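Note that the coordinates shown come from a computational prediction; the quantities given were computed from them, not determined experimentally.
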Protein chains: 2
Amino acid sequence: MIRNTRQRTAVNAVFDELEGFHSAQEVHARMRASGDSIGLSTVYRAVQALVDDGELDSIRTDAGEAIYRRCSTRHHHHLVCRSCGRTEEVEGPTVERWADRVAAEHGFVDVTHTLEIFGTCAACHSAGAPSADQPG
Amino acid sequence: MIRNTRQRTAVNAVFDELEGFHSAQEVHARMRASGDSIGLSTVYRAVQALVDDGELDSIRTDAGEAIYRRCSTRHHHHLVCRSCGRTEEVEGPTVERWADRVAAEHGFVDVTHTLEIFGTCAACHSAGAPSADQPG
DNA sequence: CCGTAGTCGACAACAGTTCTCACATGCTCC
DNA sequence: GGAGCATGTGAGAACTGTTGTCGACTACGG
Ligand SMILES: [Mn+2]
Ligand SMILES: [Mn+2]
Ligand SMILES: [Zn+2]
Ligand SMILES: [Zn+2]
């Protein structure tokens, strides 16, 4: 049985006030800084529970850190500036259909996918941003 | 300037004999087991250099571990059975164009993307495999 | 209220990865 | 073929994100 605790409510509330993706550690620090008393383990347990609940989305950074965000109602993907981290939500039936079709052609069922697009945003580009490669 | 060392050559050779994705730790253990003397740090440095060179692809598991594979010549993505781990390479211009277009529409340049498709393969499905969700 | 199963959190433990630094070794240039 | 030196190596320590431990605490159905 799942209880309503001050801590879980507070973690959930943090994501109401926050745009974009944030790590468990960042949420913990933020709460501590604003006077909320909560343990780091509890934050980890809370975000995991929220992910299981479908309240939060989670993705993993290139560095391997898990970051979380209030789940929006629509299925979408992310366009991330690799220089400043600015994130845009993008969506489109094209890629959804393609993924489902190609999986079905290989006999796969119960199909999901992850898709992230990386680039340099217009602002960072005019400022002269670095670059990277990522085949695969 | 980049030197040719016994260790780097050996790590590179390991991926000639190996199908699919493998972690640095696994490669290290495998080499040690077969009598090759090499340090773990060196394996990490070698695979990173091979990734930078475009010789290896790397992706990150759900658990946050980086895994590597001989880069095939063509750009492609992976269709992974979440039950048995079997991996198929898939490709298609549809999704490539979609990703580039959507990024361009948002003013992004120097665009790359990552895309992984997960499902249950036919074999695991008929054996009665578990399931999972992955929105985003 | 009571009892108790679920939860908390300080801390330890873990796993993967990177850093340190003394030592070794490819490469370039004679 | 060396000499010289930038580069690479590797054992171990350090670091980072995350999960486990366990005694104390508490939400909540009865
Ligand atoms: Mn999608
Ligand atoms: Mn692609
Ligand atoms: Zn930017
Ligand atoms: Zn399978």
Rounded to whole angstroms, how far apart are NE2 on H28(A) and P on dT18(D)?
13 Å
What's the closest nucleotide to the E65(B) side chain, out of dC8(C), dT17(C), dC28(D)?
dT17(C)
Taking any heavy-atom pair under 4.0 Å as a contact, classify T42(A): base, sugar-phosphate, or nothing.
base
Here the distance between atom C1' of dG16(C) and atom CG of D62(B), to the nearest Å, is 16 Å
So that I can tick it off, tell me whether R70(B) and E55(B) are bridged by a salt bridge, with the cut-off set at under 4.0 angstrom between side-chain N and carboxylate O.
yes
Please check this pair: side chain of T61(B) against backbone of E65(B), looking for a donor-acceptor N/O pair closer than 3.5 Å.
yes
Is there a donor and acceptor pair closer than 3.5 Å between the side chain of R45(B) and the base of dG10(D)?
yes
Nearest nucleotide by nearest heavy atom, which residue falls closer to the 5' end of DNA chain D, I38(B) or M1(B)?
M1(B)
Rounded to whole angstrom units, what separation is found between the CD atom of Q25(A) and the P atom of dT18(D)?
6 Å
Could you give the CD1-to-P distance, from I67(B) to dT17(C), as a whole number of Å?
10 Å
So what does A24(A) touch, heavy atoms closer than 4.0 Å: a base, only the sugar-phosphate, or nothing?
nothing
To the nearest angstrom, how far is Q48(A) atom CD from dG17(D) atom C1'?
14 Å
Between C1' of dG9(C) and CZ of R6(A), the distance in whole Å
11 Å
Starting from C1' on dA15(C), measure out to OH on Y44(B) and report it in whole angstrom.
9 Å
Using a heavy-atom cut-off of under 4.0 Å over every strand shown, decide if A63(B) touches base, sugar-phosphate, or nothing.
nothing
Considering just the side-chain nitrogens and oxygens of Q7(B), establish if one lies under 4.0 Å of OP1 or OP2 belonging to dG8(D).
no
The side chain of R8(B) lies closest to which of these nucleotides: dT17(C), dG10(D), dG8(D)?
dG8(D)
Beyond-backbone contact of F118(B) with V111(A), side-chain heavy atoms, under 4.5 angstrom
no
Describe the nucleic acid contact of S23(B) in one word from base, sugar-phosphate, nothing, applying a heavy-atom distance below 4.0 Å.
nothing
Which of dT18(D), dG10(D), dT17(C) is nearest the side chain of S41(B)? It is dG10(D)
Considering only NZ, NE, NH1 and NH2 on the basic side and carboxylate oxygens on the acidic side, decide whether E89(B) and R69(B) come within less than 4.0 Å.
yes
Length of the CG-P vector between L40(B) and dG10(D), whole Å
11 Å
For a quick check, tell me whether the side chain of R3(A) and the base of dT7(C) share a donor-acceptor pair closer than 3.5 Å.
no
Contact summary for Y44(A) and A24(A), nearest pair of heavy atoms
CE2-CB, 3.6 Å
